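Written below as structure tokens is the structure these notes are about.
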Amino acid sequence: MNRKGFSYWEDRTLTLQESRPVRYVQDDVAWARTYGYGGRIDAKGARLHEHNPNTTYRRSLSPSRRTAFDTALDGGDNARMLTASLPNGKEIQKIIGGCTEEAERTLYGDPAVWFRTSKTATGLNLLYGAKLMTDRELTAATKAWSRCMKQAGQHYKDPQAARDAIRARTSQLGAARADEAFTVERKTAVADATCARKTSLRAITAARETHYVNRLRDRFGKDIDTYRQIGQQAYDRAVRIVAERD
């Protein structure tokens, strides 16, 4: 593939760096200097979703062919229903079949096990989230972060408040002043990440979150371990698949 081909492909996908999840605390200063809080990444993702070639192709089909496409994709009437219980007792369901199920099976093994354990592991914050946000060690570190930000000319009580303010400002400025908005976003994000690193906010947040998760291991430990194991195996398989296709 020539350089032009690479450019065409990169314009239609998120890079590895762009695909990085931005957690509550982000202390990678270099990433923040390039991407800010990821505002432009979100916009790019929305454009990719809007112009998804599968969606465009589906729209071009006749009603009968569209039905056949949907059946091949997710199983149609033959699809099965997966059910998982969230840690708070509520249930969540998902329909799976066709090529979607085949792809999940390739990556995760049994899609039902992945669905159940992933919803359990990622839903644990429903049980400890409120306690974490009022944890004394975390609140002390957050106050230190806020004082650091104030010294940098940024007046926010916590990282979420900073991001919310940036999103609101970007929306107010609109497309015509997008470059100006992104300059402010990057400046705030760099200060945020710098202060997070100086105050060890990310490390403290991770440690306190681990503390609360560990208190739930007697009930959910097996699902947590299975989720992590399957996730790592899926990542390794995905890396091998991409490498084989390049």
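Treat the numbers as computed from the prediction; the structure is a model and nothing was measured.
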- List the steps and the verdict of side chain to side chain contact (heavy atoms under 4.5 Å, CB included) for D225 and R217. CA-CA 10 Å; D225 292 340; R217 287 194 65 86; 2.8 Å; yes
- Which ILVMFWY residues are connected to F182, directly or by a chain of links, through side-chain heavy atoms under 4.5 Å apart? none
- Note on the structure: Apart from V190 itself, members of its ILVMFWY cluster (side-chain separation under 4.5 Å) are V29
Would you indicate whether [X], at its atom [atom1], is surrounded by more than 12 heavy atoms from other residues, nucleotides or ligands within a distance under 6.0 Å?
X    : atom1 : value
R163 : CZ    : yes
R65  : CZ    : no
K94  : NZ    : yes

Please report the closest heavy-atom contact between [X] and [Y], naming both atoms and the distance.
X    : Y    : value
A79  : D74  : CB-O, 3.2 Å
P111 : E104 : CB-OE1, 3.8 Å
A162 : W145 : CB-CH2, 4.4 Å
R116 : A84  : CA-CB, 3.8 Å
K198 : C148 : CD-SG, 4.1 Å

Say whether [X] and [Y] are linked into one hydrophobic cluster, either directly or through other cluster members, by side-chain heavy-atom distances under 4.5 angstrom.
X    : Y    : value
L73  : I95  : no
L138 : L127 : yes
Y212 : M133 : yes
M149 : I166 : no
L124 : L132 : yes

- Task: For residues 106-125, pull every pair meeting ring pair (Phe, Tyr, Trp, His ring centres under 6.0 Å), keeping only residues two or more places apart or in separate chains.
- Result: Y108-W114, W114-Y227
Are the side chain of [X] and the backbone N or O of [Y] linked by a donor-acceptor pair below 3.5 Å?
X    : Y    : answer
R66  : R58  : yes
Q26  : R202 : no
S171 : A168 : no
E137 : R208 : no

- Item | Y156: partners by ring pair (Phe, Tyr, Trp, His ring centres under 6.0 Å), with sequence neighbours left out | none
- Report the residues that fulfil ring pair (Phe, Tyr, Trp, His ring centres under 6.0 Å) with F69, sequence neighbours left out, ordered by chain and then residue number. Y57
- Could D223 and K119 be called an ion pair, given the rule that one side-chain N must be under 4.0 Å from one carboxylate O? no
- T120 vs I224 side-chain heavy atoms within contact, under 4.5 Å: no
- Heavy atoms, side chains only, cut-off 4.5 Å: are L216 and P87 in contact? no
From [X] atom [atom1] to [Y] atom [atom2], the distance as rounded to the nearest 0.5 Å:
X    : Y    : atom1 : atom2 : answer
Q233 : L107 : CD    : CG    : 11.5 Å
L82  : D110 : CG    : CG    : 8.5 Å
D192 : R186 : CG    : CZ    : 15.5 Å
Y128 : H211 : OH    : NE2   : 12.0 Å
T34  : R40  : OG1   : CZ    : 12.0 Å
L126 : N88  : CG    : CG    : 5.0 Å

- Message: Once side chain to side chain contact (heavy atoms under 4.5 Å, CB included) is applied, do any residues pair with T106, and if so which ones, sequence neighbours excluded?
- Response: I241
- Just checking, is any N or O donor in the side chain of Q160 or D164 under 3.5 Å from an acceptor N or O on the other one? yes
